[in-house]
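Down below is the structure, laid out as structure tokens.
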There are 2 protein chains.
Amino acid sequence: MAHHRSDVLAHAVALLDAHGLAALTMRRLGAELGVQPSAIYHHFPSKQALLAAVADEILARGARPRTAAAWPDRLREVCSELRHAMLGCTDGADVVATVWAFGLGAAAPVVELEKVLTDADVPAELVPVASRALVHYVFGHAFEEQTARQAVSLGAVDRSLESLPDFDLGLDLVVDGLRARLAGS
Amino acid sequence: MAHHRSDVLAHAVALLDAHGLAALTMRRLGAELGVQPSAIYHHFPSKQALLAAVADEILARGARPRTAAAWPDRLREVCSELRHAMLGCTDGADVVATVWAFGLGAAAPVVELEKVLTDADVPAELVPVASRALVHYVFGHAFEEQTARQAVSLGAVDRSLESLPDFDLGLDLVVDGLRARLAGS
DNA sequence: ACCTGAACACCGTTCAAGT
DNA sequence: ACCTGAACACCGTTCAAGT
């Protein structure tokens, strides 16, 4: 039977979540779909394009309602959603951060952060810097957490995970820095 | 003629810098050394172990003298050195961040940041959070900058690089957040 | 100590051809 | 529109054997 782009994408996300990025292979994905590897190229021009769609799907699945009113809380809401969306899928942080850095997708969180900052009357020249500083922190934190957990479970390293720093506290450091800058202007 | 571990490592770094992570292959590295791929396993137990050594070497080559006295400047000095060390080698940010997250190496910058923070009488429970927030920012920023540059030069995407945010300004956001927290205690 | 040679179990991508 | 089958040019890793 014939598949659609959405079928291929759904199976790709399922494969990623079940067995990690190393297992998300055009050949394994083909096998999962009962199809030759080359058939996937009818739906996606390259593996990179497939991964970009996977990254967007991971973010879409992590969407949550917005409730906060004050801008610091709105920033925390967006960052927290981004973090949980990535942690919700095996190797999610790696995939999303890479796709975003390549400029191929996963841009929604940054766009939303920029909107929140603009709404908060943050000076225009500070908006891109601040929004990027926030996502750099979120990506870095989630990537470390996810990778360290895998390293331990693979037995590659005997690292204590208790000392993994608190996400919210570090985030507040950036938010507070921004707040201090606003108060001073 | 026989090679030493240091020869293999030097050729690995040269290969990475010249052609990127995708080209740093056990087979290509063997060819570069005039040796069978399997010979490399005499010097490194796995490619992961080789990459860990490469990451440490990238950091070692980027070492600079320390001159700052005040703790905010000392933090900036360490972060700036880390950033330039990674940007100084093709795919350096990717390699260093991944090795560090796996807990296999590249730990020196975090250790040094923790020392600076401790010297500055930052509360002990804040030291690991703050040092990690700083490296998460530096890794995220450098990875984006390096990856975006590659994407553009590969023609994979037509993204303006002018809007790449200023590194120091974003870093000051985190430092200021830390400063605000100290003043409040 | 350092390396060869061969094998095993894989990759992404292309492309003519089929339905 | 969606897929097959075969090919091309690769991967990391293991292991017995050589010097």
Side-chain angles (χ1 to χ4, degrees), chain A residues 1-16 18-55 90-91 94-95 98-99 102 104-105 147 150-151 154-157, chain B residues 1-16 18-55 90-91 94-95 98-99 102 104-105 147 150-151 154-157:
Chain A
M1 66 307 198
H3 298 97
H4 294 122
R5 202 188 117 105
S6 56
D7 299 319
V8 179
L9 180 55
H11 274 87
V13 175
L15 191 50
L16 178 68
H19 300 104
L21 187 52
L24 180 42
T25 273
M26 300 304 257
R27 299 177 111 98
R28 273 191 79 157
L29 181 54
E32 213 84 19
L33 290 159
V35 122
Q36 293 289 325
S38 53
I40 299 166
Y41 289 84
H42 188 80
H43 303 280
F44 295 93
S46 66
K47 189 178 178 180
Q48 212 172 32
L50 173 66
L51 284 174
V54 167
T90 310
D91 288 326
D94 194 345
V95 172
T98 303
V99 165
F102 258 97
L104 295 174
T147 304
Q150 253 177 265
L154 287 174
V157 96
Chain B
M1 67 305 198
H3 298 96
H4 292 123
R5 202 189 118 104
S6 57
D7 299 319
V8 180
L9 180 55
H11 274 88
V13 175
L15 191 52
L16 178 68
H19 301 104
L21 187 53
L24 180 42
T25 272
M26 300 304 257
R27 299 177 112 98
R28 274 191 77 158
L29 182 54
E32 213 84 20
L33 291 160
V35 122
Q36 293 289 325
S38 53
I40 299 167
Y41 289 85
H42 188 78
H43 303 281
F44 295 92
S46 67
K47 188 176 180 183
Q48 213 172 31
L50 173 65
L51 284 174
V54 166
T90 309
D91 288 325
D94 195 345
V95 172
T98 303
V99 165
F102 258 96
L104 295 174
T147 304
Q150 254 176 264
L154 288 173
V157 97

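All values below were derived from every heavy atom in this structure, side-chain atoms included, with hydrogens, water molecules and symmetry-related copies excluded. In what follows, chains carry the letters A, B, and so on, assigned in the order in which the sequence lines appear, proteins first and then strands, with residues in each chain numbered from 1.
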Reported NE2-to-NE2 distance for the pair A:H4 and A:H43, which is rounded to 0.5 angstrom:
8.5 Å
Could you tell me whether the side chain of B:L24 reaches within less than 4.5 Å of the side chain of B:L51, counting heavy atoms only?
yes
Closest listed nucleotide, where the reference is the side chain of B:A2 and the choices are C:dT13, C:dC2, D:dA1:
C:dC2
Taking the minimum atom-to-atom distance to the side chain of A:K47, which one of C:dT13, D:dT4, C:dC3 wins?
C:dT13
What is the distance from CE of A:M26 to P of D:dC3, rounded to the nearest Å?
13 Å
Out of C:dC2, D:dA7, D:dC3, minimum distance to the side chain of A:R27 belongs to D:dA7
Can you check the A:H4 NE2 to D:dA1 P distance for me, whole Å?
11 Å
Does a side-chain heavy-atom distance below 4.5 Å link A:L50 with A:M26?
yes
Taking the nucleotide of DNA chain D with the nearest heavy atom to each, does A:V8 or B:Y41 sit closer to the 5' end?
A:V8
When the P atoms of C:dC10 and D:dA9 are compared, how many Å lie between them, rounded to an integer?
22 Å
Earlier contact from the 5' end, DNA chain C, for A:P45 and A:R28
A:R28
Out of D:dC2, C:dT13, C:dG12, whichever nucleotide has its closest atom nearest the side chain of A:T25
C:dG12
Take atom C1' in C:dC11 and the same atom in D:dA7, then report the distance between them in whole Å.
14 Å
Rounded to the nearest 0.5 Å, how far apart are NE2 of A:H3 and CD1 of A:I40?
10.0 Å
Roughly how many Å is it from CD1 in B:I40 to P in C:dC2, rounded to a whole number?
14 Å
Among C:dC2, C:dT14, D:dC2, find the nucleotide with the atom closest to the side chain of A:H42.
D:dC2
C:dA1, OP1 or OP2 - any side-chain N/O from B:H3 closer than 4.0 Å?
no
Does D:dG5 have a Watson-Crick or wobble partner in any strand here, with both distances under 3.5 angstrom, and which is it?
C:dC15
So do the side chains of B:H19 and B:R28 get within less than 4.5 Å of each other, counting heavy atoms only?
yes
Spacing of A:L21 atom CG relative to C:dC10 atom C1', expressed in whole Å:
16 Å
Nearest to the A:A39 side chain among D:dC3, C:dT13, C:dC3, which nucleotide is it?
D:dC3
Mind calculating the distance between CG (A:L50) and C1' (C:dT13) to the nearest angstrom?
14 Å
Distance between C1' atoms of D:dA17 and C:dC2 (Å, rounded)
13 Å
Please give, in whole Å, the distance from D:dC2 C1' to A:F44 CZ?
14 Å
Does B:S46 reach a base, just sugar-phosphate, or nothing at all? Heavy atoms under 4.0 Å.
sugar-phosphate
Counting heavy atoms from C-beta on, name the nucleotide in C:dC2, C:dC11, C:dG5 closest to the side chain of B:Q36.
C:dG5
Rounded to the nearest 0.5 Å, how far apart are CG of A:L21 and CD of A:Q150?
9.0 Å
